[in-house]
Amino acid sequence: MGKRNLYIKRDDLIDSDFSGNKARKLHYYLHNQFPKVKKLVSYGSAQSNAMYSMSVLAKMRDWEFDYYVNHIASFLIENPHGNYAEALKNGMNIIVGEMPNIADDTVLQIEEGGRVADACYGLEILANEIIDWQKSNQIDNLNIFLPSGTGTTALFLQKYIKDYATVYTTPCVGDATYLKEQFYMLETNEEMHPVIIEPQKKWHFGKLYREHYEIWIKLHKETDLEFDMLYDPIGWQVLLGSDIKDNILYIHQGGLLGNTSMRARYERKYKDLYEDFKNR
Ligand SMILES: *Cc1c(COP(=O)(O)O)cnc(C)c1O
């Protein structure tokens, strides 16, 4: 990428029980009182980082946790691992079917992936941490990069850091149109939206790609950091191929528990790359 000043914000370290940015997004539910709530209800995929983090939240708050999925792969049922296994250990009730609409104040419903307005509380804290760091290190020109799923993290970060930095992101789940729609659902003022850079190629979320594994290995070797395998390979390819200027801050948003299954799948599929990596 030529010589650019690159910093990494280790949000993967923020809380060992939560998955990086999910700790930010669920912060509000951990630090406020909900005397009536007895149960948390959400939905999404049976492997998601958000699901695991919500299971931690429910356990800490002594709430029941009902989680609705479309489908659970039979391989996962027979060999529970990663987010799924850990969420079950935390007492998650996993239910195949549509999430019902529950009008009951003892039930807290959270949208898929923690896409909620309440996520703003934790993300304002993240923005303030970055602003403090900028001030103490006199970093005036700051461009922040992070890959998006629902776009909640990127949107609120941009909103709270608007006077200090520009946030760039790339869609990993849908395309740029989808991501823009997500932004509008949370914030109608477009001036608060992050800059979207589209990936050069169309990737299917959760599929294995040689390029993704290559860049993940390269990052591991060069930074000695383990990045997530779903969002970060896309994020880094887009960042390195972009002309975003100094100074750049990449947000490491965690997600490492979900890597256990991805790593095993990658090691099986691209044995040559794995052998090389293992023997370095
Ligand atoms: C959930 C997650 C994201 C996406 O966050 P959004 O707020 O949904 O955009 C990115 N990276 C990792 C590692 C995640 O777990």
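The first residue of the sequence shown is numbered 1, and numbering continues consecutively from there. Note that ligands are numbered from 1 as they come in the structure, with each ligand's atoms numbered from 1 the same way.
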Using a 4.5 Å side-chain heavy-atom cut-off and chaining through intermediate ILVMFWY residues, the residues clustered with I14 come out as none
Show which atoms of ligand 1 fall inside a sub-4.0 Å distance from at least one heavy-atom site of [X].
X    : result
N49  : 14 (C), 15 (O)
T153 : 5 (O), 6 (P), 7 (O)
T150 : 6 (P), 7 (O), 8 (O), 9 (O)

Within the structure, is a non-hydrogen atom of [X] found at a distance of less than 4.0 Å from ligand 1?
X    : result
G151 : yes
K25  : yes
R115 : no

*Using the salt bridge (charged side-chain N to carboxylate O under 4.0 Å, His left out) rule, take K159 and E187 through it: C-alpha gap first, then chi angles, then the decisive distance, then the call.*
CA-CA 9 Å; K159 182 168 172 175; E187 174 59 63; 2.9 Å; yes
Geometric class of the W216/H220 ring pair [parallel <30°, tilted 30-60°, perpendicular >60°]: perpendicular
Check the angle between the aromatic planes of F145 and Y250 and answer parallel, tilted or perpendicular using the 30° and 60° thresholds. parallel
Has the side chain of [X] got a donor or acceptor atom that lies under 3.5 Å from a matching backbone atom of [Y]?
X    : Y    : answer
D228 : Y231 : yes
S42  : Y67  : no
Y84  : S48  : no

the protein heavy atom lying closest to atom 11 (N) of ligand 1 turns out to be Y231 CD1, 3.3 Å
For atom 1 (C) of ligand 1, the closest protein heavy atom turns out to be K22 NZ, 1.6 Å
Pairs of nitrogen or oxygen atoms closer than 3.5 Å, one from [X] and one from ligand 1: do any exist?
X    : answer
G254 : no
N21  : yes
G149 : yes

Rounding to 0.5 Å, atoms CD (E78) and OG (S74) come to a distance of 5.5 Å
